[in-house]
Amino acid sequence: MASNNSQRGSRRLGRRFYRRGSVDLAHALLGRTLVRVLDDGTRLAGRIVEAEAYVGEHDKAAHSYGRRRTDRNASMYLDAGHAYVYFTYGMHHCMNIVADVADEPTACLIRALEPTEGVEVMTAHRASKIAADRLRVTDLCSGPAKLTQALAIDRAFDGVDLTTHERLFVEGGASARAGEIVAGPRIGVGYAAEWADEPLRFYVRDNPHVSRPR
DNA sequence: ATGACGATTTACT
DNA sequence: GTAAATCGTCATA
């Protein structure tokens, strides 16, 4: 099935969009479209339906807790609108979008997308790990490491500027209505003591593509 | 040099 | 529900 071009009128989001705190940015990202252009020009894209905010040096769940700065997380200190892509569990990549201003290490983890373009290619990328006949559309991008696999995003994209990069960026379009955004505790940060319960995970209510529905 | 640990996903009981 | 997969990164020495 051919991908449609219904988003063709949308414009890439610029620096001004990203220049805000990570909580605000996480809200604002819901409903926007993450776009990955492959080397052959194929567009893979999905509507962001789930994101988490990591609020910086005081956040025990953040890689930048206590202003920790290493080769791995250096991208968190870049200006707003850059990508922070890291490798974890020996096999998975996760993508963040840096918020705020340079040297303020806050970011939003992109946790789920509703696929909109290039579903067949995403399926092929994902089917290398799962039997193709078991794959449903809701299995393609319903998790932070699933979506990077589906969109072929790895550490080669760590530190790229989403406001200028030709192969990875976010397009505008309608953001999610405030009334349909649900807040809850972040996933997989049980080690973060009191920060584990902060409602910094945001997702679109009843959307079947979020990592943990209902 | 070494050891412990993941901002996860998948398969299996 | 539990556990395995799998290895770069980081803290400690």
Side-chain angles (χ1 to χ4, degrees), chain A residues 21-23 25-27 29-30 34 46 48-78 80 82-100 104-113 115 122-159 162 182-203 208-214:
Chain A
S22 56
V23 173
L25 182 59
H27 277 86
L29 283 169
L30 296 181
L34 178 65
I48 298 172
V49 295
E50 179 181 352
E52 284 178 351
Y54 287 82
V55 301
E57 61 187 289
H58 303 297
D59 182 356
K60 290 183 179 176
H63 293 162
S64 55
Y65 176 60
R67 288 196 73 81
R68 187 170 68 135
R69 183 175 193 160
T70 65
D71 286 344
R72 180 206 204 197
N73 74 350
S75 296
M76 292 190 80
Y77 291 80
L78 295 175
H82 285 77
Y84 166 42
V85 181
Y86 67 90
F87 183 70
T88 189
Y89 289 102
M91 64 192 96
H92 297 303
H93 294 279
C94 293
M95 175 184 170
N96 294 255
I97 297 178
V98 178
D100 220 332
E104 201 62 48
T106 66
C108 298
L109 172 67
I110 308 303
R111 285 195 57 92
L113 306 175
M122 290 188 206
T123 301
H125 288 167
R126 291 278 295 137
S128 58
K129 292 258 174 129
I130 306 182
D133 57 346
R134 294 201 142 215
L135 260 185
R136 294 163 297 184
V137 184
T138 51
D139 293 322
L140 292 181
C141 299
S142 54
K146 294 179 185 178
L147 70 92
T148 57
Q149 184 182 27
L151 301 199
I153 296 168
D154 60 22
R155 290 214 61 189
F157 291 90
D158 182 40
L162 301 178
V182 182
R186 291 172 292 185
I187 305 295
V189 295
Y191 56 84
E194 73 273 17
W195 283 89
D197 298 321
E198 287 295 307
L200 296 174
R201 172 187 181 226
F202 307 101
Y203 59 94
H209 299 274
V210 301
S211 62
R212 296 183 185 186
R214 274 151 261 249

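Reminder, nothing fancy here: chain letters follow the sequence lines and each chain counts from 1. Scope of the values below: all heavy atoms of this structure, side chains included, with no hydrogens, waters or symmetry mates.
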Proximity to the side chain of [X] - top-ranked nucleotide from [options]:
X: A:F87; options: C:dT9, C:dG8, B:dT9; answer: C:dG8
X: A:Y84; options: C:dT9, B:dT8, B:dA7; answer: B:dA7
X: A:R68; options: B:dA7, B:dT10, C:dA11; answer: C:dA11
X: A:Y54; options: B:dT9, B:dT10, B:dA7; answer: B:dA7

Test log, rule side chain to side chain contact (heavy atoms under 4.5 Å, CB included), inputs A:V85 and A:T148: CA-CA 9 Å; A:V85 181; A:T148 57; 5.6 Å; no

Under the side chain to side chain contact (heavy atoms under 4.5 Å, CB included) rule, what do A:R186 and A:L109 come out as? Steps first, then yes or no, please. CA-CA 10 Å; A:R186 291 172 292 185; A:L109 172 67; over 6 Å; no

Is [X] touching bases, backbone alone, or none of the nucleic acid, heavy atoms closer than 4.0 Å?
X: A:M76; answer: base
X: A:R155; answer: sugar-phosphate
X: A:A61; answer: base
X: A:R186; answer: nothing

Below 4.0 angstrom from OP1 or OP2 of B:dG6, is there any side-chain N or O of A:R72?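 A:R72 to B:dG6 OP1/OP2: no side-chain N or O under 4.0 Å.
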
Please state whether the phosphate of B:dA7, meaning OP1 or OP2, lies under 4.0 angstrom from any side-chain nitrogen or oxygen of A:K60. no

Would a 4.5 Å heavy-atom cut-off, applied to side chains only, mark A:R72 and A:F87 as touching?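 Result no, sub-4.5 Å side-chain heavy-atom pair not found.
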
Tell me yes or no: between the side chains of A:S75 and A:D158, is some donor less than 3.5 Å from an acceptor?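 A:D158 and A:S75 do have a side-chain donor-acceptor pair below 3.5 Å.
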
Quick one: [X] [atom1] to [N] [atom2], roughly how many Å, whole number?
X: A:D158; N: C:dT9; atom1: CG; atom2: P; result: 10 Å
X: A:E50; N: B:dT8; atom1: CD; atom2: P; result: 10 Å
X: A:K146; N: B:dA7; atom1: NZ; atom2: P; result: 18 Å
X: A:L135; N: B:dA11; atom1: CG; atom2: C1'; result: 14 Å
X: A:D154; N: C:dG8; atom1: CG; atom2: C1'; result: 14 Å
X: A:R111; N: B:dA7; atom1: CZ; atom2: C1'; result: 7 Å
X: A:Y65; N: B:dC5; atom1: OH; atom2: P; result: 18 Å
X: A:L147; N: B:dA7; atom1: CG; atom2: C1'; result: 12 Å

Would you check, one step at a time, whether the test side chain to side chain contact (heavy atoms under 4.5 Å, CB included) holds for A:L151 with A:M122? CA-CA 6 Å; A:L151 301 199; A:M122 290 188 206; 3.6 Å; yes

SG of A:C94 to CD1 of A:I110: how many Å apart, nearest 0.5 Å? 11.0 Å

Pairs under 3.5 angstrom, nitrogen or oxygen only, protein versus nucleotides 2-6 of chain C, please.
from  : atom 1 : to    : atom 2 : distance (Å)
C:dT6 : O2     : A:Y89 : O      : 2.6

Which word best sums up how the rings of A:H63 and A:Y86 line up, parallel for under 30°, tilted for 30 to 60°, or perpendicular for over 60°?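 Rings of A:H63 and A:Y86: perpendicular, as their planes differ by over 60°.
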
Dump the intermediate steps for ring pair (Phe, Tyr, Trp, His ring centres under 6.0 Å) on A:F202 and A:H27, then the final yes or no. CA-CA 7 Å; A:F202 307 101; A:H27 277 86; 4.2 Å; yes

On the ring face of A:Y203, is A:R212 found with NZ or CZ under 6.0 Å from the centre and within 45° of the axis?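 Negative - A:R212 is either too far from the ring of A:Y203 or too far off its axis.
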
Cationic N near anionic O, under 4.0 Å, A:R201 to A:E50: yes

Paired and unpaired positions of DNA chain C as dot-bracket, Watson-Crick or G-U wobble under 3.5 Å, | denoting a partner strand: |||||.||||||.

